[in-house]
Amino acid sequence: MRKEYDENNIFAKIIRKEIPTSIICSGKDTICFKDINPKAQTHILIIPTGKYTDIMDFSLNASESEQKDFWKTIDKLTKELGLDKSGFRLVANTGKGGGQEVQHFHIHLLAGFNK
Ligand code: AMP
């Protein structure tokens with residue numbers, strides 16, 4: 001059974017523009033913005049605008065078009081930042097035990113560990 005989606009999570013508020021953030025990259029169904037509390041030189045969050053709670057929910061329930069848009073946006077972003085050459089890490093904390101604080105699916109893009 002799918003986990004219930006909390007409409008009041010902070011990323012839902014960012015999507016509804018109730019909380020300001022500077023979008024650094026976007027796709028048709030995807031947005032990217034800087035993490036407010038960076039854990040690496042580059043720390044960007046990539047989220048689908050659809051209501052998915054975690055990576056499993058997104059992978060199993062998002063449409064092919066949403067999934068393609070999501071990964072294409074990450075591809076575009078990493079290329080724009082030159083990370084396709086220098087390397088990067090993608091992290092999807094999943095569930096409370098996995099350290100997921102915000103219950104809207106997001107990927108952490110982290111880079112710059114070699115500097
Ligand atoms: P997680 O623990 O995987 O759920 O990660 C949630 C991330 O969201 C944390 O790294 C937070 O620093 C980040 N975060 C929380 N609120 C905001 C916000 N308003 N803008 C940008 N990042 C945020």
Side-chain angles (χ1 to χ4, degrees):
M1 203 170 76
R2 284 180 75 180
K3 271 186 240 167
E4 199 179 329
Y5 181 82
D6 172 15
E7 299 282 350
N8 288 318
N9 77 72
I10 199 139
F11 294 167
K13 290 180 182 174
I14 285 176
I15 292 165
R16 292 197 298 266
K17 299 187 168 58
E18 292 165 13
I19 291 180
T21 192
S22 45
I23 308 286
I24 54 175
C25 177
S26 61
K28 190 167 66 66
D29 305 308
T30 309
I31 57 174
C32 315
F33 51 92
K34 283 192 180 165
D35 195 292
I36 206 168
N37 183 19
K39 307 279 192 318
Q41 189 182 18
T42 299
H43 189 170
I44 296 168
L45 300 171
I46 301 100
I47 71 171
T49 52
K51 297 173 183 176
Y52 302 102
T53 56
D54 61 25
I55 193 168
M56 297 313 298
D57 187 26
F58 183 72
S59 304
L60 295 171
N61 298 304
S63 68
E64 203 176 306
S65 154
E66 288 174 300
Q67 299 203 33
K68 209 164 188 177
D69 185 70
F70 187 78
W71 295 109
K72 278 190 148 184
T73 302
I74 293 180
D75 183 54
K76 182 174 74 168
L77 176 63
T78 53
K79 283 177 176 151
E80 274 172 14
L81 299 175
L83 301 179
D84 56 323
K85 297 192 177 69
S86 57
F88 57 89
R89 182 183 300 171
L90 297 177
V91 175
N93 297 329
T94 308
K96 293 234 155 61
Q100 184 180 3
E101 288 168 14
V102 180
Q103 307 305 312
H104 179 108
F105 169 50
H106 52 281
I107 289 265
H108 296 257
L109 167 66
L110 300 146
F113 295 100
N114 53 342
K115 287 181 183 152

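Indexing begins at 1, ligand by ligand and atom by atom, following the structure's order. The structure displayed is predicted, hence computed values, not measured ones. Hydrogens, waters and symmetry mates play no part in the numbers below; they use all other heavy atoms, side chains included. Residue numbers count from 1 along this sequence.
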Exercise. Please round to the nearest 0.5 Å and tell me the distance separating atom CG of Asp29 and atom OG1 of Thr73.
Key: 8.5 Å
Exercise. Starting from atom 10 (O) of ligand 1, find the nearest protein heavy-atom neighbour and note its residue, name and distance.
Key: Asp35 OD2, 2.6 Å
Quiz item: Who's closest to atom 3 (O) of ligand 1 heavy-atom-wise, of Gln103, Glu101, His106?
Solution: His106
Practice problem: Quick one: look up the protein heavy atom nearest atom 2 (O) of ligand 1 and list residue, atom name and how far away it is. | Solution: Gly99 O, 2.9 Å
Practice problem: Please determine if Ile36 has a nitrogen or oxygen closer than 3.5 Å to a nitrogen or oxygen of ligand 1. | Solution: yes
Quiz prompt | Pairs touching residues 88-103 that satisfy side-chain hydrogen bond (donor to acceptor under 3.5 Å, both in side chains), sequence neighbours left out | solution = none
Quiz item: Side chains of His104 and Pro48: does their closest heavy-atom pair fall under 4.5 Å?
Solution: yes
Self-check item: Nitrogen or oxygen of Phe11 less than 3.5 angstrom from that of ligand 1
Solution: no
Quiz prompt | Interfacing atoms of ligand 1 (cut-off 4.0 Å, heavy-atom, Asn93) | solution = 1 (P), 2 (O), 3 (O)
Quiz prompt | Tyr52-Phe70 aromatic ring centre distance below 6.0 Å | solution = no
Exercise. Could you check His108 against Asp35 for side-chain contact (heavy atoms from CB on, under 4.5 Å), going step by step and ending with a plain yes or no?
Key: CA-CA 8 Å; His108 296 257; Asp35 195 292; 3.9 Å; yes
Exercise. Would you mind listing which atoms of ligand 1 come within a distance below 4.0 Å of any non-hydrogen atom of His108?
Key: 1 (P), 3 (O), 5 (O), 7 (C), 10 (O)
Quiz item: Which ligand 1 atoms, with their elements, are less than 4.0 angstrom from a heavy-atom of Phe33?
Solution: 21 (C)
Identify each donor-acceptor pair in which a side-chain atom of residues 14-28 lies under 3.5 Å from a protein atom, sequence neighbours left out, and give them as a table.
from  : atom 1 : to    : atom 2 : distance (Å)
Arg16 : NE     : Glu18 : OE2    : 2.7
Arg16 : NH1    : Glu7  : O      : 2.9
Arg16 : NH2    : Glu7  : O      : 3.0
Arg16 : NH2    : Glu18 : OE1    : 3.3
Lys28 : NZ     : Ser65 : OG     : 3.4

Self-check item: N or O pair under 3.5 Å between His43 and ligand 1
Solution: no
Quiz item: Between Thr53 and Arg2, is any pair of side-chain heavy atoms under 4.5 Å apart?
Solution: no
Quiz item: Is the shortest N/O to N/O distance between Leu45 and ligand 1 below 3.5 Å?
Solution: no
Quiz prompt | Atoms in ligand 1 with a heavy atom of Asn37 nearer than 4.0 Å | solution = 12 (O)
Quiz item: Is there a side-chain contact between Asp57 and Tyr5 (heavy atoms, below 4.5 Å)?
Solution: no
